[in-house]
Number of protein chains: 2
Amino acid sequence: MTTGGAGPTEDRARDGGWSDQVNALGGFIRAQRQMAKLSLREMASMTRVSNAYLSQVERGLHQPSLKVLHSIADALHLNTEQLLRQAGWDASTAPEPEPRPRPAGPSSVEEAVRAETRLTEEQKTAIIGVYRSFLDS
Amino acid sequence: MTTGGAGPTEDRARDGGWSDQVNALGGFIRAQRQMAKLSLREMASMTRVSNAYLSQVERGLHQPSLKVLHSIADALHLNTEQLLRQAGWDASTAPEPEPRPRPAGPSSVEEAVRAETRLTEEQKTAIIGVYRSFLDS
DNA sequence: CACGGGCGTTAAGTATGTCAAGCACGGCTG
DNA sequence: CAGCCGTGCTTGACATACTTAACGCCCGTG
(Lines give C-alpha, C1' and ligand atoms only; values in the text may rest on other atoms or scores of the structure.)
Protein backbone atom coordinates (compact mmCIF):
# COMPACT_ATOMS: atom_id res chain seq x y z
CA MET A 1 0.00 0.00 0.00
CA THR A 2 0.93 3.59 -0.19
CA THR A 3 2.14 3.31 3.29
CA GLY A 4 3.22 6.18 5.35
CA GLY A 5 2.50 9.76 4.99
CA ALA A 6 0.76 11.20 2.02
CA GLY A 7 -2.12 8.87 1.50
CA PRO A 8 -4.77 10.30 -0.78
CA THR A 9 -7.89 9.43 1.06
CA GLU A 10 -9.71 7.82 -1.81
CA ASP A 11 -12.42 6.22 0.24
CA ARG A 12 -15.82 6.05 -1.35
CA ALA A 13 -18.87 5.40 0.65
CA ARG A 14 -21.32 2.95 -0.78
CA ASP A 15 -23.52 3.30 2.24
CA GLY A 16 -26.43 5.59 2.80
CA GLY A 17 -25.11 8.85 4.12
CA TRP A 18 -23.92 7.55 7.42
CA SER A 19 -20.33 8.04 6.51
CA ASP A 20 -21.01 11.64 5.74
CA GLN A 21 -22.03 12.17 9.29
CA VAL A 22 -19.14 10.24 10.72
CA ASN A 23 -16.77 12.00 8.44
CA ALA A 24 -18.05 15.36 9.49
CA LEU A 25 -17.69 14.35 13.08
CA GLY A 26 -14.15 13.18 12.48
CA GLY A 27 -13.19 16.35 10.72
CA PHE A 28 -14.66 18.37 13.51
CA ILE A 29 -12.71 16.47 16.12
CA ARG A 30 -9.50 16.69 14.19
CA ALA A 31 -9.94 20.42 13.75
CA GLN A 32 -10.57 20.91 17.42
CA ARG A 33 -7.61 18.78 18.35
CA GLN A 34 -5.24 20.64 16.10
CA MET A 35 -6.56 23.92 17.39
CA ALA A 36 -5.76 22.76 20.87
CA LYS A 37 -2.30 21.85 19.58
CA LEU A 38 -2.53 18.29 20.73
CA SER A 39 -0.98 15.26 19.08
CA LEU A 40 -2.94 12.08 18.69
CA ARG A 41 -0.85 10.45 21.35
CA GLU A 42 -1.34 13.26 23.82
CA MET A 43 -5.03 13.19 23.32
CA ALA A 44 -4.97 9.43 23.56
CA SER A 45 -3.42 9.55 26.98
CA MET A 46 -5.94 12.13 28.17
CA THR A 47 -8.89 10.20 26.90
CA ARG A 48 -7.51 6.74 27.57
CA VAL A 49 -8.43 5.82 24.03
CA SER A 50 -5.68 4.51 21.79
CA ASN A 51 -4.11 6.94 19.37
CA ALA A 52 -4.68 4.49 16.57
CA TYR A 53 -8.38 4.45 17.14
CA LEU A 54 -8.56 8.19 17.46
CA SER A 55 -6.87 8.44 14.11
CA GLN A 56 -9.47 6.19 12.58
CA VAL A 57 -12.32 8.08 14.13
CA GLU A 58 -10.97 11.36 12.86
CA ARG A 59 -10.87 10.00 9.37
CA GLY A 60 -14.39 8.73 9.60
CA LEU A 61 -13.56 5.05 9.53
CA HIS A 62 -15.46 4.29 12.71
CA GLN A 63 -18.38 5.56 14.68
CA PRO A 64 -17.23 6.02 18.27
CA SER A 65 -19.32 4.96 21.22
CA LEU A 66 -20.79 7.22 23.87
CA LYS A 67 -17.92 6.50 26.21
CA VAL A 68 -15.32 7.53 23.69
CA LEU A 69 -17.27 10.53 22.51
CA HIS A 70 -17.61 11.62 26.07
CA SER A 71 -13.91 11.27 26.77
CA ILE A 72 -13.08 13.23 23.68
CA ALA A 73 -15.43 16.04 24.53
CA ASP A 74 -13.88 16.08 27.94
CA ALA A 75 -10.32 16.27 26.71
CA LEU A 76 -11.10 19.01 24.25
CA HIS A 77 -13.20 21.00 26.69
CA LEU A 78 -16.14 20.87 24.37
CA ASN A 79 -19.76 21.03 25.15
CA THR A 80 -21.01 17.51 24.86
CA GLU A 81 -24.15 18.42 23.04
CA GLN A 82 -22.09 20.13 20.41
CA LEU A 83 -20.23 16.93 19.70
CA LEU A 84 -23.41 14.96 19.59
CA ARG A 85 -24.87 17.32 17.05
CA GLN A 86 -21.85 16.63 14.89
CA ALA A 87 -22.40 12.94 15.29
CA GLY A 88 -25.57 12.06 13.41
CA TRP A 89 -28.00 13.69 15.68
CA ASP A 90 -31.17 14.96 14.07
CA ALA A 91 -33.46 16.85 16.22
CA SER A 92 -36.84 15.22 16.26
CA THR A 93 -39.74 14.51 18.51
CA ALA A 94 -40.59 17.75 20.18
CA PRO A 95 -43.16 17.29 22.89
CA GLU A 96 -45.46 20.17 23.60
CA PRO A 97 -44.83 22.04 26.80
CA GLU A 98 -47.71 21.93 29.20
CA PRO A 99 -46.95 23.67 32.44
CA ARG A 100 -49.10 22.85 35.38
CA PRO A 101 -48.41 24.13 38.90
CA ARG A 102 -49.48 23.05 42.37
CA PRO A 103 -47.68 20.94 44.91
CA ALA A 104 -49.02 17.97 46.78
CA GLY A 105 -49.22 15.98 49.96
CA PRO A 106 -47.06 13.24 51.45
CA SER A 107 -47.34 9.50 51.80
CA SER A 108 -46.34 6.30 50.10
CA VAL A 109 -45.27 6.18 46.49
CA GLU A 110 -48.69 5.58 45.02
CA GLU A 111 -50.34 8.24 47.10
CA ALA A 112 -47.64 10.72 46.31
CA VAL A 113 -48.07 10.06 42.62
CA ARG A 114 -51.82 10.36 42.77
CA ALA A 115 -51.51 13.61 44.64
CA GLU A 116 -49.14 15.06 42.11
CA THR A 117 -51.34 17.54 40.30
CA ARG A 118 -48.83 18.28 37.59
CA LEU A 119 -49.37 14.83 36.15
CA THR A 120 -52.25 13.77 34.00
CA GLU A 121 -54.35 10.80 35.04
CA GLU A 122 -52.80 8.78 32.31
CA GLN A 123 -49.32 9.61 33.46
CA LYS A 124 -50.14 8.71 37.03
CA THR A 125 -51.50 5.37 35.97
CA ALA A 126 -48.42 4.76 33.91
CA ILE A 127 -45.97 5.52 36.68
CA ILE A 128 -47.84 3.44 39.17
CA GLY A 129 -47.92 0.61 36.70
CA VAL A 130 -44.19 0.73 36.33
CA TYR A 131 -43.79 0.94 40.08
CA ARG A 132 -45.91 -2.14 40.64
CA SER A 133 -44.19 -4.08 37.93
CA PHE A 134 -40.91 -3.41 39.66
CA LEU A 135 -42.30 -4.52 42.96
CA ASP A 136 -43.38 -7.95 41.83
CA SER A 137 -40.40 -8.71 39.69
CA MET B 1 -45.74 -7.62 33.31
CA THR B 2 -42.47 -9.28 33.00
CA THR B 3 -44.39 -12.41 32.35
CA GLY B 4 -42.84 -15.37 30.75
CA GLY B 5 -39.83 -16.56 32.56
CA ALA B 6 -40.74 -15.22 35.94
CA GLY B 7 -37.12 -16.00 36.33
CA PRO B 8 -35.44 -14.68 39.39
CA THR B 9 -32.30 -14.19 37.37
CA GLU B 10 -30.62 -12.42 40.21
CA ASP B 11 -27.95 -10.88 38.10
CA ARG B 12 -26.41 -8.31 40.32
CA ALA B 13 -23.78 -6.04 39.03
CA ARG B 14 -20.48 -6.90 40.48
CA ASP B 15 -18.70 -4.94 37.83
CA GLY B 16 -18.72 -1.54 39.34
CA GLY B 17 -20.11 1.70 38.01
CA TRP B 18 -20.51 0.61 34.47
CA SER B 19 -23.50 -1.58 34.92
CA ASP B 20 -25.22 0.80 37.24
CA GLN B 21 -25.54 3.32 34.48
CA VAL B 22 -26.51 0.86 31.85
CA ASN B 23 -28.97 -0.73 34.18
CA ALA B 24 -30.60 2.55 34.95
CA LEU B 25 -30.82 3.30 31.28
CA GLY B 26 -32.35 -0.07 30.62
CA GLY B 27 -34.88 0.36 33.37
CA PHE B 28 -35.79 3.74 32.02
CA ILE B 29 -36.30 2.41 28.54
CA ARG B 30 -38.32 -0.52 29.73
CA ALA B 31 -40.49 1.74 31.81
CA GLN B 32 -41.12 4.05 28.89
CA ARG B 33 -41.87 1.15 26.62
CA GLN B 34 -44.37 -0.38 28.99
CA MET B 35 -45.98 2.95 29.46
CA ALA B 36 -46.42 3.23 25.74
CA LYS B 37 -47.96 -0.21 25.89
CA LEU B 38 -45.57 -1.65 23.39
CA SER B 39 -44.23 -5.16 23.25
CA LEU B 40 -40.59 -5.80 22.53
CA ARG B 41 -41.45 -6.95 19.05
CA GLU B 42 -43.54 -3.92 18.27
CA MET B 43 -40.84 -1.61 19.40
CA ALA B 44 -38.33 -3.69 17.50
CA SER B 45 -40.18 -3.17 14.28
CA MET B 46 -40.47 0.55 14.89
CA THR B 47 -36.82 0.96 15.71
CA ARG B 48 -35.55 -1.66 13.29
CA VAL B 49 -33.56 -3.11 16.15
CA SER B 50 -34.08 -6.75 16.99
CA ASN B 51 -36.35 -7.58 19.88
CA ALA B 52 -33.62 -9.76 21.28
CA TYR B 53 -31.18 -6.94 21.51
CA LEU B 54 -33.75 -4.58 22.96
CA SER B 55 -34.41 -7.11 25.65
CA GLN B 56 -30.75 -7.27 26.49
CA VAL B 57 -30.41 -3.52 26.56
CA GLU B 58 -33.38 -3.16 28.85
CA ARG B 59 -31.85 -5.61 31.27
CA GLY B 60 -28.55 -3.80 31.26
CA LEU B 61 -26.60 -6.50 29.48
CA HIS B 62 -25.38 -4.21 26.75
CA GLN B 63 -24.65 -0.57 26.15
CA PRO B 64 -26.42 0.44 22.96
CA SER B 65 -24.79 2.54 20.29
CA LEU B 66 -25.86 6.03 19.32
CA LYS B 67 -27.79 4.79 16.36
CA VAL B 68 -29.83 2.45 18.48
CA LEU B 69 -30.31 4.96 21.24
CA HIS B 70 -31.55 7.43 18.71
CA SER B 71 -34.01 5.01 17.19
CA ILE B 72 -35.34 4.16 20.60
CA ALA B 73 -35.80 7.77 21.58
CA ASP B 74 -37.58 8.30 18.33
CA ALA B 75 -39.91 5.38 18.72
CA LEU B 76 -40.82 6.34 22.25
CA HIS B 77 -41.27 10.01 21.39
CA LEU B 78 -38.66 10.96 23.91
CA ASN B 79 -36.45 13.93 23.97
CA THR B 80 -33.09 12.67 22.95
CA GLU B 81 -31.20 14.52 25.60
CA GLN B 82 -33.29 12.85 28.23
CA LEU B 83 -32.24 9.45 27.07
CA LEU B 84 -28.64 10.49 26.92
CA ARG B 85 -28.78 11.77 30.45
CA GLN B 86 -30.01 8.34 31.48
CA ALA B 87 -27.24 6.71 29.56
CA GLY B 88 -24.01 7.39 31.38
CA TRP B 89 -24.06 10.96 30.35
CA ASP B 90 -23.69 12.62 33.68
CA ALA B 91 -22.00 15.72 34.74
CA SER B 92 -18.26 15.74 34.33
CA THR B 93 -17.63 17.95 31.34
CA ALA B 94 -19.42 21.05 32.36
CA PRO B 95 -17.38 23.98 31.18
CA GLU B 96 -20.38 26.24 31.50
CA PRO B 97 -22.41 25.59 34.58
CA GLU B 98 -25.90 25.47 33.23
CA PRO B 99 -28.26 25.76 36.16
CA ARG B 100 -31.04 23.38 35.29
CA PRO B 101 -34.26 25.15 36.12
CA ARG B 102 -35.79 23.28 38.97
CA PRO B 103 -38.98 25.25 39.29
CA ALA B 104 -40.97 22.76 41.22
CA GLY B 105 -40.49 22.62 44.92
CA PRO B 106 -39.45 19.51 46.84
CA SER B 107 -41.24 16.63 45.24
CA SER B 108 -42.94 14.28 47.60
CA VAL B 109 -43.06 11.74 44.82
CA GLU B 110 -39.31 11.55 44.64
CA GLU B 111 -39.00 11.33 48.38
CA ALA B 112 -41.52 8.55 48.52
CA VAL B 113 -39.73 6.62 45.82
CA ARG B 114 -36.36 7.03 47.45
CA ALA B 115 -37.79 5.82 50.71
CA GLU B 116 -39.27 2.70 49.16
CA THR B 117 -36.96 0.00 50.40
CA ARG B 118 -38.30 -2.71 48.14
CA LEU B 119 -36.86 -1.03 45.07
CA THR B 120 -33.27 -1.26 43.94
CA GLU B 121 -31.33 1.88 43.30
CA GLU B 122 -31.56 1.40 39.57
CA GLN B 123 -35.30 1.01 39.75
CA LYS B 124 -35.62 4.16 41.78
CA THR B 125 -33.52 6.03 39.29
CA ALA B 126 -35.64 4.75 36.45
CA ILE B 127 -38.93 5.71 38.05
CA ILE B 128 -37.73 9.14 39.02
CA GLY B 129 -36.40 9.61 35.54
CA VAL B 130 -39.81 8.85 34.14
CA TYR B 131 -41.47 11.12 36.62
CA ARG B 132 -39.22 14.04 35.81
CA SER B 133 -39.59 13.47 32.13
CA PHE B 134 -43.32 13.89 32.57
CA LEU B 135 -42.91 17.03 34.59
CA ASP B 136 -40.85 18.97 32.15
CA SER B 137 -42.44 17.71 29.02
C1' DC C 1 26.50 9.88 8.52
C1' DA C 2 23.70 7.21 12.17
C1' DC C 3 20.55 7.57 15.97
C1' DG C 4 16.77 8.67 18.95
C1' DG C 5 12.21 10.54 19.11
C1' DG C 6 8.25 12.77 17.61
C1' DC C 7 4.37 12.43 14.23
C1' DG C 8 0.20 9.95 11.75
C1' DT C 9 -1.10 5.49 9.89
C1' DT C 10 -1.61 0.42 9.36
C1' DA C 11 -2.20 -4.56 10.50
C1' DA C 12 -3.74 -8.14 13.38
C1' DG C 13 -5.90 -9.39 17.58
C1' DT C 14 -9.61 -9.09 21.33
C1' DA C 15 -13.90 -7.32 23.23
C1' DT C 16 -18.46 -5.97 22.49
C1' DG C 17 -22.63 -4.64 19.86
C1' DT C 18 -26.23 -6.70 16.87
C1' DC C 19 -29.06 -10.09 14.36
C1' DA C 20 -31.85 -14.30 12.97
C1' DA C 21 -33.74 -18.58 14.98
C1' DG C 22 -35.52 -21.01 18.26
C1' DC C 23 -37.06 -22.03 23.28
C1' DA C 24 -40.27 -21.82 27.45
C1' DC C 25 -44.04 -20.02 29.50
C1' DG C 26 -48.88 -18.51 29.56
C1' DG C 27 -53.65 -17.25 27.61
C1' DC C 28 -57.01 -18.41 24.54
C1' DT C 29 -60.34 -21.06 21.46
C1' DG C 30 -62.30 -25.21 19.81
C1' DC D 1 -57.05 -32.35 25.82
C1' DA D 2 -54.56 -30.10 21.40
C1' DG D 3 -53.22 -26.34 18.94
C1' DC D 4 -52.35 -21.54 17.91
C1' DC D 5 -50.68 -16.80 19.27
C1' DG D 6 -48.57 -13.74 22.06
C1' DT D 7 -45.21 -12.59 25.45
C1' DG D 8 -39.96 -12.19 26.95
C1' DC D 9 -35.57 -14.68 26.82
C1' DT D 10 -31.37 -17.58 25.12
C1' DT D 11 -27.99 -18.99 21.81
C1' DG D 12 -24.65 -18.99 18.29
C1' DA D 13 -22.93 -16.55 14.27
C1' DC D 14 -21.36 -12.16 12.31
C1' DA D 15 -20.11 -7.04 12.26
C1' DT D 16 -18.13 -3.41 14.33
C1' DA D 17 -15.64 -0.87 18.11
C1' DC D 18 -11.32 -0.79 20.22
C1' DT D 19 -6.13 -2.20 21.57
C1' DT D 20 -1.39 -3.29 21.17
C1' DA D 21 2.63 -3.57 18.28
C1' DA D 22 4.52 -2.41 14.63
C1' DC D 23 5.78 0.64 10.15
C1' DG D 24 7.34 4.78 7.28
C1' DC D 25 8.34 9.45 7.46
C1' DC D 26 10.28 13.86 9.05
C1' DC D 27 13.11 16.61 12.20
C1' DG D 28 16.45 17.36 15.61
C1' DT D 29 20.58 16.37 17.69
C1' DG D 30 25.88 14.41 18.31
Side-chain angles (χ1 to χ4, degrees), chain A residues 1-11 13-16 18-19 21-23 25-27 29-31 33-34 36-72 75 87-88 129-130 133-134 136-137, chain B residues 1-11 13 15 18-19 21-23 25-27 29-31 33-34 36-72 75 87-88:
Chain A
M1 317 264 253
T2 69
T3 46
T9 323
E10 228 53 73
D11 240 54
R14 81 273 279 150
D15 249 298
W18 89 283
S19 44
Q21 296 281 18
V22 179
N23 233 325
L25 173 67
I29 291 177
R30 172 154 294 190
R33 177 176 62 83
Q34 290 174 339
K37 294 199 169 59
L38 290 172
S39 77
L40 278 175
R41 280 176 170 82
E42 285 173 318
M43 184 159 145
S45 82
M46 307 176 80
T47 58
R48 274 159 240 249
V49 175
S50 70
N51 53 34
Y53 187 56
L54 286 177
S55 167
Q56 284 162 210
V57 165
E58 287 188 351
R59 282 173 304 146
L61 301 180
H62 285 297
Q63 164 149 298
S65 71
L66 277 342
K67 263 188 336 215
V68 171
L69 227 39
H70 182 63
S71 308
I72 292 176
V130 173
S133 86
F134 277 160
D136 60 41
S137 62
Chain B
M1 32 286 244
T2 75
T3 55
T9 324
E10 235 27 75
D11 242 299
D15 253 292
W18 171 79
S19 38
Q21 294 285 11
V22 181
N23 234 331
L25 172 69
I29 292 177
R30 171 153 296 189
R33 176 176 63 83
Q34 291 175 337
K37 293 193 173 60
L38 290 171
S39 75
L40 278 175
R41 280 176 170 78
E42 286 172 318
M43 182 158 147
S45 82
M46 309 175 79
T47 58
R48 279 180 272 268
V49 174
S50 72
N51 53 42
Y53 188 55
L54 286 178
S55 167
Q56 289 168 337
V57 165
E58 287 187 352
R59 281 173 303 143
L61 300 179
H62 284 298
Q63 163 150 305
S65 72
L66 285 138
K67 263 187 336 215
V68 171
L69 227 38
H70 181 62
S71 308
I72 291 176

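Predicted, not measured: the structure shown is a model, and the values here were computed from it. Side chains are part of it too, since the values below use all heavy atoms of this structure and drop only hydrogens, waters and symmetry mates. Naming convention: chains lettered A, B, ... in sequence-line order (proteins, then strands); numbering from 1 in each chain.
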Hey, what are the protein-to-nucleotides 19-23 of chain C N/O distances that come in under 3.5 Å?
residue, atom, partner, partner atom, Å
C/dC19, OP1, B/Arg48, O, 3.4
C/dC19, OP2, B/Ser50, N, 3.0
C/dC19, OP2, B/Ser50, OG, 3.4

Using a cutoff of under 3.5 Å, can you pull out all pairs of nitrogen or oxygen atoms linking the protein to nucleotides 3-5 of chain C, with atom names and distances?
none

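For A/Ser39, the side-chain contact (heavy atoms from CB on, under 4.5 Å) test picks out A/Arg41, A/Glu42, with sequence neighbours left out. Under the rule for a side-chain hydrogen bond (donor to acceptor under 3.5 Å, both in side chains), B/Gln56 has no partner lying at least two apart in sequence or in another chain.
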Residue pair B/Ile29, B/Gln34: steps toward the side chain to side chain contact (heavy atoms under 4.5 Å, CB included) verdict:
CA-CA 9 Å; B/Ile29 292 177; B/Gln34 291 175 337; over 6 Å; no

Might you work through the side chain to side chain contact (heavy atoms under 4.5 Å, CB included) test for B/Val49 and B/Val57, ending with a clear yes or no?
CA-CA 11 Å; B/Val49 174; B/Val57 165; over 6 Å; no

Does B/Leu54 form a side chain to side chain contact (heavy atoms under 4.5 Å, CB included) with B/Arg33? I'd like the steps, not just the answer.
CA-CA 11 Å; B/Leu54 286 178; B/Arg33 176 176 63 83; over 6 Å; no

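When the side-chain nitrogen and oxygen atoms of B/Arg30 are compared with OP1 and OP2 of D/dC9, one or more of them lie within a distance under 4.0 Å. Distances shorter than 4.0 Å separate some side-chain N or O of B/Ser65 from OP1 or OP2 on C/dT18. In terms of phosphate contacts, A/His62 brings no side-chain nitrogen or oxygen within less than 4.0 Å of OP1 or OP2 of D/dT16.
Counting only residues at least two apart or in different chains, side-chain hydrogen bond (donor to acceptor under 3.5 Å, both in side chains) contacts with residues 46-55 of chain B comprise B/Ser55-B/Arg59.
Rounded to a whole Å, the CD atom of B/Gln34 is 19 Å from the P atom of D/dG6. The CG atom of A/Leu66 sits 16 Å away from the P atom of C/dT16 (whole-angstrom rounding). Taking atom CG on B/Leu38 and atom C1' on D/dG8, their separation rounds to 14 Å, with Å as the unit. With rounding to whole Å, B/Arg59 atom CZ is found 10 Å from D/dT11 atom P. If you take CD of B/Glu58 and P of D/dG8, they are 8 Å apart, rounded to a whole angstrom. Look at CG on A/Leu54: it is 10 Å from C1' on D/dC18, rounded to the nearest Å. In this entry the distance linking CG of B/Leu61 with P of C/dA15 reads 18 Å, nearest Å. Summarising the geometry, the separation between NZ on A/Lys67 and P on C/dA15 is reported as 13 Å, rounded to the nearest angstrom.
Residue A/Leu40 places its side chain closer to C/dT9 than to any other of C/dT9, C/dG17, D/dA17. Closest contact between the side chain of A/Ser39 and the listed nucleotides D/dT10, C/dC7, C/dT9 involves C/dC7.
Put simply, CD1 on B/Ile72 and CG on B/Leu25 are 7.5 Å apart, with the number rounded to the nearest 0.5 Å.
Side chain of A/Arg30 to main chain of A/Glu58: no donor-acceptor pair is present (N/O by atom type, distance under 3.5 Å, no hydrogens or angles).
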